[in-house]
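I have placed the structure first, in the form of structure tokens, so that the comments after it can refer back to it.
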Amino acid sequence: MQLTPRVKEILSWYESDNPGTKGNLARILMEGKLGGTGRLVILPVDQGFEHGPARSFAPNPAAYDPRYHFELAIEAGLSAYAAPLGMIEAGASTFAGAIPTILKVNSSNSLSTTKDQAVTGGVDDALRLGCAAIGFTIYPGSEYQFEMMEELRELTAEAKAAGLAVVVWSYPRGPMLDKVGETALDICAYAAHMAALIGAHIIKVKPPTDAIFLDAAKKTYEKAPVPDISELSGRIKHVVQACFNGRRIVVFSGGESGTSEAMTAMAKGIHQGGGNGSIIGRNTFQRPKADALKLLSDIVDTYKAEVAHDPR
Amino acid sequence: MQLTPRVKEILSWYESDNPGTKGNLARILMEGKLGGTGRLVILPVDQGFEHGPARSFAPNPAAYDPRYHFELAIEAGLSAYAAPLGMIEAGASTFAGAIPTILKVNSSNSLSTTKDQAVTGGVDDALRLGCAAIGFTIYPGSEYQFEMMEELRELTAEAKAAGLAVVVWSYPRGPMLDKVGETALDICAYAAHMAALIGAHIIKVKPPTDAIFLDAAKKTYEKAPVPDISELSGRIKHVVQACFNGRRIVVFSGGESGTSEAMTAMAKGIHQGGGNGSIIGRNTFQRPKADALKLLSDIVDTYKAEVAHDPR
Amino acid sequence: MQLTPRVKEILSWYESDNPGTKGNLARILMEGKLGGTGRLVILPVDQGFEHGPARSFAPNPAAYDPRYHFELAIEAGLSAYAAPLGMIEAGASTFAGAIPTILKVNSSNSLSTTKDQAVTGGVDDALRLGCAAIGFTIYPGSEYQFEMMEELRELTAEAKAAGLAVVVWSYPRGPMLDKVGETALDICAYAAHMAALIGAHIIKVKPPTDAIFLDAAKKTYEKAPVPDISELSGRIKHVVQACFNGRRIVVFSGGESGTSEAMTAMAKGIHQGGGNGSIIGRNTFQRPKADALKLLSDIVDTYKAEVAHDPR
Amino acid sequence: MQLTPRVKEILSWYESDNPGTKGNLARILMEGKLGGTGRLVILPVDQGFEHGPARSFAPNPAAYDPRYHFELAIEAGLSAYAAPLGMIEAGASTFAGAIPTILKVNSSNSLSTTKDQAVTGGVDDALRLGCAAIGFTIYPGSEYQFEMMEELRELTAEAKAAGLAVVVWSYPRGPMLDKVGETALDICAYAAHMAALIGAHIIKVKPPTDAIFLDAAKKTYEKAPVPDISELSGRIKHVVQACFNGRRIVVFSGGESGTSEAMTAMAKGIHQGGGNGSIIGRNTFQRPKADALKLLSDIVDTYKAEVAHDPR
Amino acid sequence: MQLTPRVKEILSWYESDNPGTKGNLARILMEGKLGGTGRLVILPVDQGFEHGPARSFAPNPAAYDPRYHFELAIEAGLSAYAAPLGMIEAGASTFAGAIPTILKVNSSNSLSTTKDQAVTGGVDDALRLGCAAIGFTIYPGSEYQFEMMEELRELTAEAKAAGLAVVVWSYPRGPMLDKVGETALDICAYAAHMAALIGAHIIKVKPPTDAIFLDAAKKTYEKAPVPDISELSGRIKHVVQACFNGRRIVVFSGGESGTSEAMTAMAKGIHQGGGNGSIIGRNTFQRPKADALKLLSDIVDTYKAEVAHDPR
């Protein structure tokens with residue numbers, strides 16, 4: 001496989017990683033319809049853990065079957081498929097080599113009254129299942145944030161030594177944050193930056209709003225305002241900046257649910273802001289497969305379009 | 001031993017497991033009167049830990065002797081026998097090879113004021129005692145759920161590497177749940193799904209009622225109602241669906257105590273709904289042996305009956 | 001050394017244990033004046049830790065010297081001597097081979113305001129000191145019970161692998177229990193049963209009263225009353241039943257202090273009820289040595305007497 | 001490289017360290033414009049973790065790029081560059097051998113409501129990234145201080161065995177301290193002393209005020225007043241004294257932000273008091289590069305000046 | 001080196017220890033002016049950690065230098081020098097072989113609001129620094145006592161396996177104890193006894209008062225009163241008795257500060273009571289060196305005097 005110059009450039013950002021990890025990042029970046037562009041779309045299916053099976057799959061019952069998601073990701077020409085242990089185990093052999101997989105190694109659930117998570121998978125699992133990466137969620141701001149970061153640090157060190165990539169979901173929450181704070185621009189950029197500092201290769205955050213939440217940060221943002229903060233692309237640019245000035249891959253989640261138009265528009269904003277792509281679960285697997293494929297095709301096309309002034 | 005096509009099919013669901021684990025699943029699925037059918041009946045005897053010896057065994061004092069349960073399971077032609085360390089140790093040599101055993105590796109008790117458990121056995125114990133599987137209980141929703149899931153994850157990884165199978169008792173409880181919630185259909189399906197995601201080979205839940213408990217889930221169930229929710233078989237079908245659309249073995253507990261007729265009727269509902277079987281303790285070993293053998297024979301016969309429209 | 005048929009029978013109960021552990025159980029069962037009878041009397045000296053040195057040894061100052069207890073146990077022809085690390089270390093070499101020792105590996109003290117214990121010894125210590133067994137106390141019902149059981153499980157697995165025996169002191173206490181509850185018959189039988197389930201070879205409990213404490217258990221005991229509950233021998237029989245129907249060795253503590261007559265009478269009740277013996281500390285080492293030897297001689301003789309209808 | 005007598009003298013203070021650690025201390029002490037003088041200026045960039053990316057880098061957006069800081073430190077001729085994992089990983093290969101790096105292995109953040117930190121890097125990371133030292137922050141006085149000190153002790157033992165140096169940021173805070181207390185002279189000296197006792201090679205504290213905070217200490221300071229306490233150099237001398245009478249390297253942070261004059265004046269006080277140097281982050285990378293280089297040049301020159309009565 | 005009969009006798013008490021540990025005990029017992037007598041005087045310098053540098057060293061600023069304490073102990077002809085990691089590291093090489101050192105491996109500090117400690121050194125450190133022993137403080141009665149005892153148990157097992165000796169500071173404190181309780185005779189004897197039970201070779205406690213604190217103990221002490229309780233020598237005798245009837249080395253701390261006469265008188269009481277010696281820090285290093293040497297000489301002479309009726 002001949003790597004494109006863009007992918008080679010991206011790999012060059014990860015200069016401390018061993019060839020194993022670089023190879024797994026390349027597997028993701030060269031996969032599917034966006035292969036070689038430096039953009040990527042990932043299918044994540046951990047909603048069954050977070051919200052329960054019916055809330056996740058009843059709208060499209062074919063999705064109860066773990067094989068469905070492998071097939072959807074492959075048919076849509078996506079970059080990777082991310083899921084918890086059981087979901088990966090149920091298809092890892094059938095679809096071995098067909099699409100890079102990301103083993104989601106921690107999970108929360110809707111029956112919890114605390115903002116903690118359980119580690120439910122390990123690097124050993126990722127290796128035996130042929131995964132390209134592990135995925136881990138941190139909740140910066142939670143009472144459990146330091147324990148989660150320490151779990152992540154240990155898994156990250158182990159994954160890097162084993163030649164795997166590390167994808168970090170960075171979702172701020174906790175006593176200091178309300179709903180506005182969780183997606184405010186300063187908080188979102190901070191969450192992305194912390195993931196980068198802990199050593200993530202790929203960072204996943206939510207698309208930020210234009211709110212600035214922390215009092216201590218307001219002064220800074222007043223003095224040096226984010227250009228085009230009112231547009232998604234402007235806010236994305238700021239998050240990209242917070243990811244080592246664009247030298248770490250950052251993707252954005254699709255959010256709860258939206259129309260196809262809204263999803264495509266969001267992808268456009270991410271693309272124009274220099275974000276590396278989307279990670280979209282519910283908005284795809286909860287639709288009939290044909291609809292999902294159409295939407296994913298539109299999103300992929302969006303990321304293939306040229307960007308007037310690519311900030312990266 | 002020639003595996004039946006049905007057992008081969010079931011083993012094919014566990015495509016990521018090593019031959020050791022597949023062999024132990026096969027040992028359970030090929031054992032006893034239901035051997036080869038894909039259905040199974042398991043005898044669990046952990047009530048002495050959970051409720052004390054007299055509440056468990058005084059109704060049938062022969063059951064104080066650990067050998068009694070091995071004999072009952074063998075004579076009844078059951079699929080496997082599950083118990084805590086001491087119970088297995090007390091018969092493992094005498095009955096070596098006579099019936100697959102499941103080492104229950106955690107336990108709570110009636111003197112506890114918290115919803116936690118103690119890990120009281122390990123994979124090393126299961127191996128030296130010749131067990132086919134380890135068994136572990138999680139309480140999704142408990143304040144201790146994440147710790148329990150992490151213990152399970154570690155034991156599961158160790159068991160799979162050692163070629164053992166993993167049976168998970170998934171019993172929801174905790175601050176968010178009342179008695180109705182603990183057995184509500186949505187909660188039961190969620191509990192089964194989480195066990196599947198953590199990597200269980202065999203999942204044990206309670207037979208669900210027709211209640212829908214979580215407000216967040218109600219909308220889903222209204223939009224996409226569970227067919228035949230008023231009948232046990234309909235509710236079982238939904239739980240089976242939550243277990244990777246039927247690609248994980250799921251068995252149901254017999255509950256506190258009931259008449260033979262009630263127990264057989266329950267088995268019929270489980271069978272018709274596509275559940276893989278029953279796991280019945282108190283309702284068997286608390287009766288005189290002859291009665292227990294008669295009841296188990298009836299239940300086994302129920303699972304041998306053909307199902308008009310087998311959902312699997 | 002020719003094992004007696006009775007000892008061979010007892011060893012046969014421990015069918016899962018390795019020859020090392022069986023050999024150490026045999027060392028205890030063949031030692032001293034009761035050697036070969038299946039009965040045993042153990043000298044435990046952990047009161048210094050639990051209550052302080054003066055409360056333990058001032059009544060008989062010779063007992064401040066750790067060598068005193070080795071000598072007492074040997075001269076009295078007892079089965080084993082149990083004590084914490086420092087006490088064993090202080091005589092292990094001088095009395096090597098002279099009497100089986102049990103290293104008590106956890107301890108509480110009277111300055112504690114919680115119902116927890118510290119692990120103060122390990123299997124490595126037991127091995128280097130030539131001990132036949134480790135001893136561990138659990139407090140079923142305590143807020144720390146699960147941690148204690150998990151510590152015990154780990155030490156037990158390690159001890160069994162190293163060919164040692166495991167003696168468990170099972171003393172119920174905690175928020176659900178009052179003074180009556182701690183020695184009630186149902187609770188005592190439950191505590192003994194849990195120790196058996198966790199894998200103890202020798203179980204130590206307090207002699208139970210005729211109280212039935214747990215509401216949930218009362219119905220059971222009303223339906224199936226314990227015969228001769230008003231006599232100690234009847235209550236002992238029930239505890240023996242709770243120890244795998246007599247297939248685990250169970251010994252009873254002597255209690256705080258009593259007359260020689262009371263101690264001998266208690267031994268008689270234990271003996272007639274099928275208990276395996278006594279574990280008597282303060283009632284012996286707090287008397288002048290001659291008195292202690294006389295009392296122990298009487299108790300030993302009691303256990304040598306034939307039992308009209310031996311329940312085992 | 002020929003070590004200067006002064007550097008040899010300093011290395012002689014670390015008489016228990018292995019040649020690997022001494023070599024890494026020498027790398028730092030011989031680096032840059034102050035190489036060989038026994039003074040040092042370190043660039044620390046962990047503010048992104050502590051305060052977020054915009055508050056740290058928006059004033060000088062070039063600083064969003066991790067390579068910027070390597071370049072700044074190298075161009076300014078500093079002694080070392082300290083940062084968390086991700087920042088070091090992003091330039092470790094490009095700038096390998098160009099400047100000694102210190103891997104900051106724990107971090108807090110502004111979204112935390114507790115005075116704890118997460119360990120986010122390890123000795124294994126420091127070794128694979130070619131770092132000369134690890135850096136660790138303790139909060140003496142915090143509710144988490146003992147856990148932090150134990151983490152530090154373990155990392156320190158591991159680092160010393162691996163031939164790395166250990167830099168400890170000792171920042172007092174917690175229930176017993178208010179804002180005045182955190183920088184009071186007695187507390188600052190105490191914090192420095194504890195870092196020395198735990199085995200730090202290089203100690204970083206804040207420049208102390210002339211407050212004496214602990215009642216228990218006031219008597220001491222009244223009896224034996226610190227000479228020239230009203231001048232920074234006098235207070236620095238006391239802190240140096242608390243660092244094994246000057247036999248440990250101690251550097252002082254630059255504080256929140258100040259004019260170039262203020263920064264240079266502070267360096268002069270540190271220098272005259274016998275402090276080994278400055279560790280200055282925000283005051284340099286938040287200015288345009290030219291300004292930062294000018295300021296750093298002034299500070300370096302300050303440390304090159306001769307001291308009338310060098311207390312060391 | 002020819003061991004004296006007395007030292008040989010003392011070593012015989014430690015019959016379970018390996019030659020490495022016995023050799024290190026011998027190093028301490030044969031060192032200095034009291035070498036061979038079975039008495040010993042130890043210099044402990046952990047006050048910098050416990051109370052801060054100025055409160056410890058400002059009265060005699062030479063003591064800020066870690067080398068001072070090595071020199072003081074050597075010049076005074078003491079038996080051993082005990083200090084935390086940093087203090088030992090700073091002189092271990094220069095004074096290698098010149099005096100046995102005891103690495104104090106845990107420490108508290110005056111900024112803590114809890115009665116816990118941090119482990120700040122390990123057996124690996126003690127070995128690489130050539131120490132003869134590790135030192136550890138427990139607070140019997142503290143909410144953290146069980147954790148501390150478990151840390152001590154692990155370090156003790158490791159130290160004994162490595163041929164080191166173990167010195168335990170046993171200082172009662174916690175919710176059940178007030179100031180009177182912390183030094184009451186029954187509590188002090190209990191604390192010493194627990195240290196012996198955990199396996200300490202050398203026990204350090206405070207000189208007890210004549211108070212009897214625990215209600216449960218008062219009855220015992222009324223029945224069997226401690227002879228000469230009103231004199232220090234009588235109380236020391238009781239503590240010695242609590243240390244395995246004198247078969248463990250027990251030394252007493254010098255307390256906060258006192259006149260030379262008071263210190264010498266205290267040593268006399270300890271000596272006459274059969275205590276093995278003194279461990280004196282602040283009372284020596286806070287005086288000018290000449291005064292300290294004079295005082296230590298007087299104390300050493302006290303321990304050289306013959307005892308009319310040596311209780312040991």
Side-chain angles (χ1 to χ4, degrees), chain D residues 12-18 138-143 145-150 152-154 156-157 160-161 172-177 181 185-187 189-200 212 214 216-217 219-221 223-226 238-248, chain E residues 45-69 83-96 104-125 128-131 144 147-148 151 286:
Chain D
S12 78
W13 302 339
Y14 299 91
E15 60 179 74
S16 71
D17 280 297
N18 63 26
I138 52 172
Y139 294 154
S142 152
E143 301 91 323
Q145 69 168 333
F146 295 129
E147 286 80 357
M148 297 172 93
M149 288 176 184
E150 290 182 352
L152 173 56
R153 173 263 179 286
E154 281 171 29
T156 295
K160 287 179 179 176
R173 54 196 63 177
M176 207 183 264
L177 300 171
L185 179 56
D186 59 328
I187 301 297
Y190 197 171
H193 187 63
M194 283 195 271
L197 288 175
I198 298 174
I212 304 294
L214 280 188
K219 217 166 22 177
T220 295
Y221 284 95
K223 259 197 203 159
V226 171
H238 182 59
V239 174
V240 167
Q241 199 179 32
C243 293
F244 293 173
N245 215 25
R247 293 174 70 83
R248 287 291 174 268
Chain E
V45 188
D46 55 350
Q47 286 78 3
F49 224 134
E50 306 287 327
H51 304 131
R55 285 174 67 195
S56 303
F57 307 128
N60 176 29
Y64 277 112
D65 189 326
R67 294 173 299 181
Y68 178 84
H69 305 283
L85 187 70
M87 295 288 273
I88 298 287
E89 285 185 331
S93 184
T94 301
F95 301 99
K104 189 77 201 318
V105 294
N106 72 338
S107 290
S108 186
N109 63 65
S110 302
L111 303 181
S112 171
T113 53
T114 63
K115 296 200 183 315
D116 194 8
Q117 301 226 359
V119 174
T120 57
V123 168
D124 49 350
D125 292 314
R128 73 176 165 88
L129 296 169
C131 302
Y144 300 90
E147 287 79 359
M148 297 172 93
E151 288 167 346
Q286 292 187 345

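Each chain gets a letter, A, B and so on, in the order its sequence line appears, and its residues count up from 1.
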ask   = Any idea which heavy atoms bring D/F146 and E/S112 closest together, and the distance?
value = CE1-OG, 3.4 Å
Part of D/I187 lying under 4.5 Å from any heavy atom of chain E = side chain
ask   = Between CG of E/N109 and NE2 of D/H193, what distance do you get to the nearest 0.5 Å?
value = 11.0 Å
ask   = What option among D/K160, D/K223, D/E154 has the most heavy-atom pairs under 4.5 Å with chain E?
value = D/K160
ask   = For the candidates E/P66, E/G130, E/A58, E/P61, which exhibits the highest count of non-hydrogen atom pairs separated by less than 4.5 Å from chain D?
value = E/P66
request  = List the atom of D/A189, the atom of E/P53, and the distance in Å for their closest heavy-atom pair.
outcome  = O-CG, 3.7 Å
Region of E/D65 that comes under 4.5 Å of a non-hydrogen atom in chain D = both
key: D/Q241 side chain vs E/Y64 backbone, donor-acceptor pair below 3.5 Å   = no
Contacting moiety of D/A217, where chain E heavy atoms sit under 4.5 Å = both
query = Side-chain contact, heavy-atom cut-off 4.5 Å: E/M87 with D/F244?
reply = yes
key: Partner chain D: residue of E/G91, E/P84, E/A96, E/S108 with the largest heavy-atom pair count (under 4.5 Å)   = E/G91
query = Quick one: are E/L111 and D/L214 in side-chain contact, heavy atoms under 4.5 Å?
reply = yes
key: Heavy-atom pair count under 4.5 Å with chain D, highest-scoring of E/A83, E/A62, E/S93   = E/S93
key: Heavy-atom side-chain contact between D/N245 and E/Y68 under 4.5 Å   = no
key: Between CZ on residue D/R153 and CG on residue E/L85, distance to nearest 0.5 Å   = 7.5 Å
ask   = Roughly how far apart are D/R247 CZ and E/E89 CD, rounded to 0.5 Å?
value = 13.0 Å
message = Please check this pair: side chain of D/Y190 against backbone of E/S110, looking for a donor-acceptor N/O pair closer than 3.5 Å.
response = yes
Electrostatic pair E/R67:D/E15 at N-O distance under 4.0 angstrom = no
ask   = What part of E/E151 lies closer than 4.5 angstrom to a heavy atom of chain D: side chain, backbone, both or neither?
value = side chain
query = How far apart are the closest heavy atoms of D/S16 and E/L129, and which atoms are they?
reply = CB-CD2, 3.5 Å
request  = For chain E, find which of D/G174, D/A224, D/A216, D/G199 contributes the most heavy-atom pairs closer than 4.5 angstrom.
outcome  = D/A216
inquiry  = Heavy-atom pairs under 4.5 Å with chain D: which of E/S56, E/G86, E/A63, E/P59 has the most?
reply    = E/G86
Gap separating the NZ atom of E/K104 from the CG atom of D/L197, nearest 0.5 angstrom = 11.0 Å
task = Would you mind telling me which of D/E150, D/M149, D/H238 has the largest number of heavy-atom pairs within less than 4.5 Å of chain E?
result = D/E150
message = Please classify the contact between D/Y221 and chain E as side chain, backbone, both or neither, with a heavy-atom cut-off of under 4.5 Å.
response = side chain
